[in-house]
Amino acid sequence: MKFSEEELLQVVAKRVRKYTSNESTSVTYQTARQILSSVLYCIQEVDFDVSHATAYEESYELSEGNNNLTAMKAFEIGLNKKKDKIKRAKKLFASLCVRFEDYHNDCYRETIIDGMKAFFERYDVDFDATNHLLTLDYPLICEVKNIQGIDLIYEYLYRTSLEQEFLGYFSKEEVEKILIAYHRDYSGLIINIASIVLRNSLGRLLTKQDLNCLSIGEMQRIEIEELFQDKEQDKIRQILNDTLQSFVMEQFKGDICLFEYLKKDINEIAYVLMLGIKQHSLQQVLIEVKDPKSIQEKKYREGGSMEDEALRELIEVMKKQSLEARIELIKKRVKSLSDLKELLQECFYQEECNRVFALLSDEERNVLIEEIKKKLDFDEALYEWEERLIYKI
């Protein structure tokens, strides 16, 4: 459907008179642009059926039987459709609010609860319809693109409802445990919570673990590493996709919209898993929840160093062992950072060091990095493992 410039200007002129309550036929240039954009936006609703039937793409179908409409009539029909969508968006928002959990994340709460309330109070579909007012800071798994105004807000709310449906399967306590393990101050971060939970839930499903807990332990990470070792990203994506599909079929009655939406994150998950395996840093991708007591016990604290003779014996034994066996010996026998540094120097080579680094807590890693920085300050030569740690080789 196409209208001449003259027809469109006639519609805009009528809208300007309504905007000024028939007191004037002139407005500022900015206001005139807003009104023109609103007119075109509403006419587009008639020209195309913006159904948004799915949560992952915008589908536009050319409407039939509209070729004889005047520009004014097309605008009025489109405006009524936009107003109807506002009603549906309000209903969707009200439904979302009933079950909404922000998991103590400030950005999530401010965007969905505070932001959407402000939007519905201030949105002007009559004269500024393309302006959706909000920055929508909370990132979704699948970003809403190429639409504006109430169409964007409706789609954003719909995708949020899908993420909330997925998150609602897990206990709030387990989700918050994972988020704390992800970052102690997660409440102030701008992160997508569903994506973090999706990674760990897929990890647990791949290792035949139940989903009453979301934590991925070291043994599960080793199992996942073995599963995906030497596999290309496409193959990893296929396995993840099949796992997700089975999960949605069983737990969400085969909800196709939910599956297709969550599937949009699979490619990214496959990539970070492949990268984590190559760099021996899966613990940064698949999160483990450690209670404070177990963390305290696992730290390589000074004061627990071996006697020199015992350490020498361990070094000789480890030199004859496989990488996995050496890692297990470290877990069982090493209790101090000084002993660990000695073993890194004597028993681990090139990328093998990364497996040892994966055993360290952030605090322990930082202690070692600070020691290495001091060596650099005094122009001292670094061991191979020290270079790998500080330069992240």
Side-chain angles (χ1 to χ4, degrees), residues 1-55 57-96 111-112 114-137 143-161:
M1 182 190 305
K2 291 183 179 180
F3 298 107
S4 68
E5 184 176 327
E6 182 181 356
E7 287 180 285
L8 293 172
L9 288 176
Q10 288 175 1
V11 178
V12 171
K14 288 183 180 180
R15 299 305 293 168
V16 168
R17 286 196 294 273
K18 183 168 184 179
Y19 179 81
T20 62
S21 301
N22 286 318
E23 294 180 1
S24 174
T25 58
S26 64
V27 290
T28 65
Y29 175 72
Q30 181 180 355
T31 300
R33 286 195 63 180
Q34 287 176 193
I35 292 174
L36 174 60
S37 294
S38 297
V39 168
L40 296 175
Y41 180 63
C42 291
I43 288 176
Q44 183 191 47
E45 185 78 9
V46 181
D47 198 15
F48 295 98
D49 180 16
V50 189
S51 61
H52 303 300
T54 66
E57 64 181 2
E58 294 78 48
S59 57
Y60 294 83
E61 289 185 13
L62 188 63
S63 299
E64 297 180 358
N66 290 327
N67 293 329
N68 297 323
L69 292 177
T70 64
M72 191 65 205
K73 187 63 177 177
F75 165 74
E76 290 172 348
I77 293 172
L79 179 60
N80 286 332
K81 287 189 173 185
K82 295 298 184 187
K83 288 180 177 179
D84 180 64
K85 181 165 281 188
I86 293 171
K87 292 178 182 178
R88 288 187 284 124
K90 286 181 177 179
K91 185 176 180 180
L92 178 59
F93 176 57
S95 174
L96 183 60
T111 301
I112 304 302
D114 302 338
M116 291 300 169
K117 285 180 181 177
F119 168 81
F120 287 117
E121 290 171 1
R122 296 166 50 204
Y123 181 59
D124 184 0
V125 70
D126 287 289
F127 304 109
D128 197 11
T130 59
N131 184 2
H132 52 266
L133 302 170
L134 306 179
T135 55
L136 301 175
D137 293 327
E143 181 184 357
V144 184
K145 297 179 180 179
N146 303 323
I147 53 177
Q148 53 192 342
I150 188 59
D151 296 325
L152 184 149
I153 294 299
Y154 184 87
E155 187 66 18
Y156 187 91
L157 285 170
Y158 181 62
R159 297 183 189 196
T160 299
S161 72

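By convention here, the first residue in the shown sequence is residue 1. Quick note: numbers below take in every heavy atom, side chains included, and nothing from hydrogens, waters or symmetry partners. What you see is a predicted model; the values in this text were computed from it and never measured.
Checked options Lys145, Arg88, Lys82; the residue passing with Asp151 is Lys82 (criterion: salt bridge (charged side-chain N to carboxylate O under 4.0 Å, His left out)).
At least one side-chain heavy atom of Ile35 sits under 4.5 Å from a side-chain heavy atom of Val16. Within the 4.5 Å cutoff, the side chain of Leu136 has no heavy atoms near those of the Val144 side chain. Inter-residue side-chain proximity for Tyr156 and Thr111 is flagged as met; some heavy-atom pair is nearer than 4.5 Å. Looking at Met116 and Leu134, their side chains come closer than 4.5 Å, going by heavy atoms from C-beta outward.
Rounded to the nearest 0.5 angstrom, Thr160 OG1 and Ile112 CD1 are separated by 4.0 Å. The distance from the NZ atom of Lys87 to the CZ atom of Phe120 is 13.5 Å, given to the nearest 0.5 Å. Note that CD1 of Ile77 and SG of Cys42 are 11.5 Å apart. Values are rounded to the nearest 0.5 Å. Atom-to-atom distance recorded for Ile153:CD1 and Leu133:CG is 7.5 Å, nearest 0.5 angstrom. Between the OG1 atom in Thr31 and the CG atom in Leu36 there is a gap of 12.5 Å [rounded to 0.5 Å]. Rounded to the nearest 0.5 angstrom, Ile150 CD1 and Tyr123 OH are separated by 5.5 Å.
Residues Glu7 and Ala71 share a closest heavy-atom pair of CB-CB, 4.0 Å. Nearest heavy atom pair, residue Ala129 against residue Ser38, reads N-OG, 2.8 Å. Closest of all the heavy-atom pairs between Val39 and Val11 is CG1-CG1, 3.7 Å. Heavy atoms only, all atoms of each residue included: Tyr154 and Leu92 are closest at O-CD2, 3.9 Å.
Crowding of Tyr19 atom OH: a count of heavy atoms from other residues, nucleotides or ligands under 6.0 Å not exceeding 12.
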From CA spacing to verdict: side-chain contact (heavy atoms from CB on, under 4.5 Å), Asp124, Asn131: CA-CA 8 Å; Asp124 184 0; Asn131 184 2; over 6 Å; no
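Not one N or O on the side chain of Thr130 forms a donor-acceptor pair closer than 3.5 Å with the backbone of Gly149. Arg15 contributes no side-chain N or O that, together with a main-chain N or O of Phe127, makes up a donor-acceptor pair within less than 3.5 Å. Between the Ser95 side chain and the Lys91 main chain, no donor and acceptor come within less than 3.5 Å of each other. The backbone N or O of Leu96 lies less than 3.5 Å from no partner atom in the side chain of Ser161, so there is not a single donor-acceptor pair.
Ion pairing of Lys83 with Asp126 is present here, as a side-chain N (NZ or NE/NH1/NH2) and a carboxylate O approach within less than 4.0 Å.
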